[in-house]
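Please read the structure below before turning to the comments.
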Amino acid sequence: MTALAPAEPPQVERTPEEAPDAAEAPLEGFRIGVTSHRRSQDLIEALERRGAEVLHAPALKIAPVQEDMRLIEDTRAIIAARPDLCIATTAYGMRRWCEAADSFGIGEQLLETLGACRMFVRGPKARGAVRAAGLADVGISSDETTATLVDMLLAEGVRGKTVAVQLHGYTDVRQLERLRMSGATVLTVTPYRWVKPDGEDRLPRLIEAACSGNLDVLTFTSAPAVDAMWSTAHEMGVYKQLIESLKTNVTTAVVGPVTAQPLLDAGVTPLIPERFRMGALIRLVCEHLALNHVRRLDTRSGNIELRGRSLRINGQAVELAPAPLLLLRALLGAGGAVLSRESLSDLLELRGSVHALDMTVSRLRSSLPDGRLVETVVKRGYRIRV
């Protein structure tokens with residue numbers, strides 16, 4: 001399968017002496033997928049500064065506001081209804097809502113309407129956007145979820161009241177139904193809608209990279225992007241393969257619990273930072289990879305460090321093809337213990353081919369500064385010579 005090229009200018013080759021250490025480039029050797037469209041460049045640059053190779057394939061993009069007539073129709077309906085309560089879920093959504101209303105000449109009417117109702121916000125960012133618009137809020141979710149906000153509204157009673165809800169591209173239908181079942185009239189507005197991006201071949205190529213194990217981490221910053229990936233994987237006929245890979249080989253990382261939900265629904269458990277912010281997400285990815293995916297071992301052939309696809313022996317960079325690299329990773333993980341020929345053959349998906357395994361071991365040895373690092377244990381298998 002074809003691997004994706006880095007999202008931005010290619011990495012500059014460095015000599016071993018010039019290569020950054022782990023503290024300077026904690027993501028060196030790792031390949032990370034980015035699925036976001038809005039603010040993707042910020043995320044890509046932050047990952048690349050830390051040494052990662054980034055594969056960028058936006059799953060969805062936000063439709064231009066000028067083309068979103070439904071947004072204006074929903075806004076006019078909310079203005080006409082004069083709601084009693086309003087839920088603001090995202091800062092970007094609030095800003096875009098106000099900007100769209102302004103562009104159609106109803107901005108002042110919207111602010112007047114929202115100023116007359118009781119505003120509840122999902123998190124600090126949404127609160128900041130509400131206050132920047134000259135509005136005041138009366139309540140904030142303790143865990144930045146819509147469900148908690150709805151709990152607050154239900155606790156004070158919503159029967160006979162009209163509630164306006166600013167959605168964020170991924171509708172939590174259950175929360176809207178809870179309000180309706182409690183007697184509220186619910187009006188919604190979606191200030192940004194998701195559409196397929198240009199260059200639609202990029203997402204299938206990212207999915208191929210995840211399925212083939214040519215990816216270490218896959219990041220998501222919106223739930224619709226997860227749904228778009230599921231849909232594309234179904235179209236490609238690799239949905240089950242993708243899910244299995246995300247459960248076993250590729251780590252998923254999301255910006256918060258709303259984005260995590262469609263992954264959890266599919267049986268995939270992602271990394272979720274305690275603070276639902278991009279910076280916290282990047283730190284969590286760095287910590288996870290350093291803790292779980294960096295292998296170090298002192299051997300008779302020298303000190304070995306394997307970080308993703310970056311191998312260094314006594315500080316010297318060593319290039320390995322994918323199959324020998326996978327073999328070495330398994331041997332390092334065993335820490336000098338013997339791995340049977342059968343287990344290594346299964347790992348490499350060689351279907352028990354003795355010749356193919358021997359060829360892979362030979363290629364690995366020929367690529368190493370000291371081929372004796374990989375030791376044959378007669379009639380048993382292979383191990384690292386420690």
Side-chain angles (χ1 to χ4, degrees), residues 62-63 65 67-194 222-224 227 256-258 261-262:
I62 298 173
V65 69
E67 300 174 10
D68 199 347
M69 292 308 300
R70 183 174 172 184
L71 168 58
I72 301 306
E73 292 170 3
D74 290 343
T75 301
R76 287 184 172 132
I78 288 173
I79 291 172
R82 309 291 294 181
D84 304 288
L85 307 164
C86 180
I87 292 176
T89 58
T90 64
Y92 179 69
M94 277 302 301
R95 289 195 300 269
R96 187 176 170 93
W97 190 13
C98 293
E99 290 167 2
D102 280 337
S103 69
F104 281 85
I106 55 174
E108 290 187 9
Q109 292 174 263
L110 175 62
L111 291 177
E112 181 184 344
T113 299
L114 297 180
C117 70
R118 303 180 72 233
M119 296 282 297
F120 290 80
V121 296
R122 199 179 65 166
K125 285 189 173 183
R127 168 176 276 174
V130 165
R131 294 184 177 180
L135 304 169
D137 62 272
V138 298
I140 185 171
S141 168
S142 59
D143 58 359
E144 299 188 38
T145 65
T146 307
T148 299
L149 277 185
V150 172
D151 289 342
M152 294 169 65
L153 267 64
L154 296 184
E156 67 173 55
V158 296
R159 183 168 298 280
K161 296 182 179 179
T162 299
V163 183
V165 183
Q166 173 254 310
L167 302 176
H168 49 85
Y170 182 71
T171 305
D172 190 340
V173 177
R174 183 171 180 274
Q175 304 312 321
L176 301 181
E177 281 304 306
R178 290 178 66 202
L179 291 169
R180 293 189 180 106
M181 292 292 289
S182 298
T185 298
V186 179
L187 300 176
T188 62
V189 61
T190 307
Y192 49 98
R193 300 182 193 280
W194 303 99
S222 75
D227 290 332
V258 173
Q261 196 56 55

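Here, residue 1 is the first one in the sequence, and each next residue gets the next number.
The two residues Glu156 and Phe120 make their nearest non-hydrogen contact at OE1-CZ, 3.7 Å. Contact record, Pro191 with Leu167: CD-O, 3.4 Å, taken as the closest heavy-atom pair. Ala100 and Ile72 get closest at one heavy-atom pair: O-CD1, 3.8 Å. Residues Leu111 and Ala133 come closest through the heavy atom pair CD2-O, 3.9 Å. Shown here for Val121 and Leu149, the closest heavy-atom pair between the two residues is O-CD2, 3.3 Å. Between Asp227 and Pro262 the shortest heavy-atom distance is OD1-CB, 3.5 Å.
Taking CZ from Arg127 and OG from Ser141, the interatomic distance works out to 10.5 Å, rounded to the nearest 0.5 Å. To the nearest 0.5 Å, atoms CG (Leu135) and SG (Cys86) are separated by 9.0 Å. Taken from CZ in Arg82 to CG in Leu114, the straight-line distance is 9.5 Å, to the nearest 0.5 Å. Here CG of Leu176 is found 13.5 Å from CE of Met181. Values are rounded to the nearest 0.5 Å. Rounding to the nearest 0.5 angstrom, the gap separating the CZ atom in Arg178 from the CG atom in Asp151 is 4.5 Å. For the atom pair Ile87 CD1 and Leu153 CG, the distance stands at 5.0 Å (nearest 0.5 Å).
Checking each of Arg122, Gln166, Gln175 against Thr89 for a side-chain hydrogen bond (donor to acceptor under 3.5 Å, both in side chains) leaves exactly one that passes, namely Gln166.
When side chains are defined from C-beta on, Glu177 does not count as touching Val186, because their heavy atoms never get closer than 4.5 Å. For the pair Thr90 and Lys125, the minimum side-chain heavy-atom distance is 4.5 Å or more. Within the 4.5 Å cutoff, the side chain of Val258 has no heavy atoms near those of the Thr145 side chain. Counting heavy atoms from C-beta outward, Thr190 and Asp74 have side chains that stay 4.5 Å or more apart. When side chains are defined from C-beta on, Val165 does not count as touching Thr146, because their heavy atoms never get closer than 4.5 Å. Using a 4.5 Å heavy-atom cutoff, the side chains of Thr188 and Ile78 are not in contact.
In summary, Glu99 and Arg96 do not engage in a salt bridge, as defined by a charged side-chain N under 4.0 Å from a carboxylate O.
Remark: the backbone N or O of Met119 is not paired with any side-chain donor or acceptor of Asp137 at under 3.5 angstrom.
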